[in-house]
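Below is one structure, written out as structure tokens, with a few remarks after it.
So that the names make sense, note that chain A is the first sequence line, chain B the second, and so on, each numbered from 1. All of these numbers come straight from a predicted model, not from anything done at the bench.
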There are 2 protein chains.
Amino acid sequence: MQTDIHDAHNGFGTIRVYPDKTPIYHQGDSATRIFRVNSGVVMTFRLLEDSRRQITGFCTEGEFFGLSPHGDHMDGAVTVTSAGIQSVSISALETDAGLRAQIMNHSFRKIEDTQNLMMTLTKTSSEARVAAFLVMLADRRLRRQGPNADGLEVSLPMSRLDIADYLGLSRETVSRRLNELKSLGLIGLPDTHTAQINRFDGLRRCAGMMAA
Amino acid sequence: MQTDIHDAHNGFGTIRVYPDKTPIYHQGDSATRIFRVNSGVVMTFRLLEDSRRQITGFCTEGEFFGLSPHGDHMDGAVTVTSAGIQSVSISALETDAGLRAQIMNHSFRKIEDTQNLMMTLTKTSSEARVAAFLVMLADRRLRRQGPNADGLEVSLPMSRLDIADYLGLSRETVSRRLNELKSLGLIGLPDTHTAQINRFDGLRRCAGMMAA
DNA sequence: CGACAAATTGATGTCAGTCAAGCCTCGTGG
DNA sequence: CCACGAGGCTTGACTGACATCAATTTGTCG
């Protein structure tokens, strides 16, 4: 029996690997499947008429995306890096109680995450937002790796513009604030797509709240 | 048999009427019940350490609130006006499939609403936000009443500060933009807590996008 | 190695926040 | 019935943070 990726199953429907910058689905497409990131990074985003963009999330291993209330996707999804993605037909929700519970749990968490993001975007300075972004990535990595906080390197596979569209800033401001955090000694930037966390506590404090 | 409000049932647990400005639950409380607005207006909000506040929603007739992923409420809830509120134990989710479906549907819609709010807060001018807020209230009313768009009066039971904390603005800016929309002829303000929609299309256009 | 895209850096403008003062409304008590 | 007071709303002047525009520099991929 050949292992056609379209037919490969491991308890959550078909599995497939996509190269980076590949659209998984488009905003407005009818939603027939539910997706889960197996490896790599996927970002979801919403577009406005005038081509403005809000990135609604960066999904990594284990996270679901593509959940839609009615027929249509309210966001689009694209791989940031090469990514392994599992998917299952939406109809599986009706039969599989375990999956349903998992999705429900994920939905609640998603609401919380979205509200957290909203708080960050509306109540904090550009510096705090960039710091919060780095803290989020670092936390995510720490959850999977050991708790060696300081000295940790996190990868930033997305472009500055992607970060900007996630944080509601301009790409210039993202650049400025990153270099500001660097000159404060909180982080290092060995190369454009890597950040080194020097003082995690300081970064957290920065993310929490910062008047100026 | 006496109709103790605590024991009154109509298919969705107990019913109770609260006066205005009454807390229903507090942020951080353990979540044991799910709520549904029967009449009146309830607002949910999240607080930050330094007493900043983000209002996450104004709930009216038929809307659920108080859904929490884990044990604790991630937001607080207060009545804006006098309000009739139904509630049911969270354990009913396990037994009642219909309720579960309803809640699930609501959760998806909530994610969408929250993302929409986020778009509004991060991508639009203060004028557009205030216009969008009025459009939302008007739409909500139109869904229940006839489709006589223009001339419609919507009530603003919440304070200017509440609106500001919903839209991520200062109370002064809310005030300024409301009066601006008034002098543009799009709305009328017969009194502080009432807005009259004069040109609904214009208001929509304003809400959609506005450079200046 | 060369060309194009992305990122940085600098200069300037603008929108909304803050501070401060005045107004209007409503409830209270004389 | 009216005077007073308190809280919420409005209006104005000023400030500041981030966007925008523009020019380099750096990075990447053929």
Side-chain angles (χ1 to χ4, degrees), chain A residues 19-21 48 50-54 80-82 120-134 155-183 187-195 206 209-212, chain B residues 19-21 48 50-55 80-81 120-133 155-184 187-195 206 209-212:
Chain A
D20 62 337
K21 303 186 181 171
L48 288 129
D50 65 338
S51 84
R52 280 166 172 280
R53 186 180 66 150
Q54 172 69 44
V80 175
T81 65
S82 169
T120 301
L121 299 198
T122 56
K123 304 289 183 190
T124 71
S125 68
S126 60
E127 185 179 33
R129 290 186 223 179
V130 172
F133 179 69
L134 294 172
S155 74
L156 308 170
M158 66 294 290
S159 74
R160 295 291 191 262
L161 182 57
D162 291 337
I163 300 175
D165 282 351
Y166 180 67
L167 297 177
L169 298 171
S170 67
R171 75 189 89 188
E172 292 94 332
T173 297
V174 171
S175 187
R176 275 186 248 272
R177 292 305 106 95
L178 278 174
N179 285 298
E180 197 170 280
L181 292 173
K182 177 183 169 186
S183 61
I187 64 170
L189 293 169
D191 71 279
T192 339
H193 292 293
T194 310
C206 206
M209 184 50 48
M210 196 112 212
Chain B
D20 62 336
K21 304 185 182 173
L48 289 130
D50 65 338
S51 83
R52 280 165 172 281
R53 186 180 64 151
Q54 172 69 46
I55 289 175
V80 175
T81 64
T120 302
L121 298 198
T122 57
K123 303 291 183 190
T124 72
S125 67
S126 60
E127 185 178 33
R129 290 186 221 179
V130 173
F133 179 68
S155 73
L156 308 170
M158 66 295 289
S159 73
R160 295 291 191 263
L161 182 58
D162 291 337
I163 299 175
D165 282 350
Y166 180 68
L167 297 177
L169 298 171
S170 67
R171 77 190 92 190
E172 292 94 330
T173 297
V174 171
S175 187
R176 276 186 248 271
R177 291 304 107 92
L178 278 172
N179 286 297
E180 198 169 280
L181 292 172
K182 177 183 170 188
S183 61
L184 284 170
I187 65 170
L189 293 169
D191 69 279
T192 345
H193 291 293
T194 311
C206 207
M209 185 52 45
M210 196 113 212

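Atom CG of A/L121 and atom P of C/dA16 are 16 Å apart (whole Å). Rounded to an integer number of Å, the gap from CD1 of A/I163 to P of C/dA7 is 8 Å. Taking atom CG of residue A/L167 and atom P of nucleotide D/dA19, one finds them 10 Å apart after rounding to whole Å. The distance from atom CD of A/E180 to atom P of D/dC18 is 9 Å, rounded to the nearest whole Å. In this structure, A/L189 places its CG atom 12 Å from C1' of C/dT8, rounding to the nearest Å.
B/T81 contributes atom OG1, which lies 11.0 Å from atom NZ of B/K21 (distance to the nearest 0.5 angstrom). Rounded to the nearest 0.5 angstrom, B/K123 NZ and A/L48 CG are separated by 7.5 Å. With rounding to the nearest 0.5 Å, the separation of CG in B/L189 from CD1 in B/I187 is 4.0 Å. Residue A/L181 holds its CG atom at 6.5 Å from CG of A/L134, rounded to the nearest 0.5 Å. Atom CG of B/L121 is separated from atom OH of B/Y166 by 8.0 Å, given to the nearest 0.5 angstrom.
With B/S183 contributing its side chain and B/E180 its backbone, the two residues share a donor-acceptor pair below 3.5 Å.
Considering all non-hydrogen atoms of both residues, A/L156 and A/H193 come closest at O-ND1, 2.7 Å.
As judged by a 4.0 angstrom heavy-atom cut-off over every strand, A/R129 is placed among residues making no nucleic acid contact.
Residues satisfying the salt bridge (Lys or Arg N to Asp or Glu O under 4.0 Å) test with A/R53, not counting sequence neighbours, are A/D162, A/D165. Under the rule for a side chain to side chain contact (heavy atoms under 4.5 Å, CB included), the partners of B/P19 that lie at least two apart in sequence or sit in another chain are B/T22.
Between D/dC18 and A/R177, a contact under 4.0 Å exists linking OP1 or OP2 to a side-chain N or O.
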What's touching nucleotides 20-25 of chain D from the protein side, N or O pairs under 3.5 Å?
unit_1: D/dT20; atom_1: O4; unit_2: A/R176; atom_2: NH2; d: 2.9
unit_1: D/dC21; atom_1: N4; unit_2: A/E172; atom_2: OE2; d: 3.0

Would you list the protein and nucleotides 6-9 of chain D atom pairs, both N or O, that sit under 3.5 Å from each other?
unit_1: D/dC9; atom_1: OP2; unit_2: B/R160; atom_2: N; d: 3.3

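Note on the helix from C/dC1-D/dG30 to C/dG30-D/dC1: terminal axis deviation equals 40°, with five pairs used at each end and the result rounded to 10°.
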Using a 3.5 Å cut-off and no angle test, enumerate the donor-acceptor pairs between side-chain atoms of residues 167-175 of chain B and protein atoms at least two apart in sequence or in another chain.
unit_1: B/S170; atom_1: OG; unit_2: B/T173; atom_2: N; d: 3.2
unit_1: B/S170; atom_1: OG; unit_2: B/T173; atom_2: OG1; d: 3.1

Note to self: Assess the residue pair B/S126 and B/R177 against the criterion (side chain to side chain donor-acceptor pair (under 3.5 Å)); give the C-alpha distance rounded to whole Å, side-chain angles, the decisive distance to 0.1 Å, and a yes or no.
What the structure shows: CA-CA 7 Å; B/S126 60; B/R177 291 304 107 92; 2.7 Å; yes
